[in-house]
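Since the structure comes first, as structure tokens, the remarks are kept for the end.
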Amino acid sequence: TTNVGPAGAPTLAIAGGQDVVHPPATVRQTAARLGGACEIFPAMSHWLPGEPGWEEVAETCLDFIADESRAAA
């Protein structure tokens with residue numbers, strides 16, 4: 001199954017494209033090391049749940065959790 005980390009759990013790394021604390025490149029590397037997926041929100045910064053557009057972040061995370069192909073594996 002894709003996007004499953006070393007502990008056997010689905011893994012999604014998320015980042016804001018404007019984040020200077022954890023830049024997208026670092027988050028992509030983390031996702032790759034964990035064998036997980038990565039989503040970047042280009043217009044956002046570090047505090048994704050508290051910024052305008054947080055709804056898209058939440059929807060992306062919920063969609064990842066609900067993905068039937070992952071749930072059936």
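For reference, positions follow the sequence shown, starting with 1.
To the nearest 0.5 Å, atom CD of residue Glu39 and atom CZ of residue Arg28 are 10.5 Å apart. Asp63 contributes atom CG, which lies 10.5 Å from atom CD of Glu56 (distance to the nearest 0.5 angstrom).
At most 12 non-hydrogen atoms from other residues, nucleotides or ligands lie less than 6.0 angstrom from CD of Glu59.
Across Phe41 and Val57, no two heavy atoms sit closer than the pair CZ-CA, 3.7 Å.
For Trp54, the side-chain contact (heavy atoms from CB on, under 4.5 Å) partners two or more places apart in sequence, or in a different chain, are Ala58.
By the criterion of side-chain heavy atoms lying less than 4.5 angstrom apart, applied directly or through intervening Ile, Leu, Val, Met, Phe, Trp or Tyr residues, Val27 is not grouped with Phe64; the two fall into different hydrophobic clusters. Ile40 and Leu34 are members of different hydrophobic clusters when ILVMFWY side chains are connected at heavy-atom separations under 4.5 Å.
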Please report, to 0.1 Å, the donor-acceptor pairs under 3.5 Å made by any side chain of residues 12-22, with sequence neighbours excluded.
{"from": "Gln18", "atom 1": "NE2", "to": "Pro42", "atom 2": "O", "distance (Å)": "3.0"}
{"from": "Asp19", "atom 1": "OD1", "to": "Val21", "atom 2": "N", "distance (Å)": "2.7"}
{"from": "Asp19", "atom 1": "OD1", "to": "His22", "atom 2": "N", "distance (Å)": "3.0"}
{"from": "Asp19", "atom 1": "OD1", "to": "His46", "atom 2": "ND1", "distance (Å)": "3.2"}
{"from": "Asp19", "atom 1": "OD2", "to": "His46", "atom 2": "ND1", "distance (Å)": "2.8"}

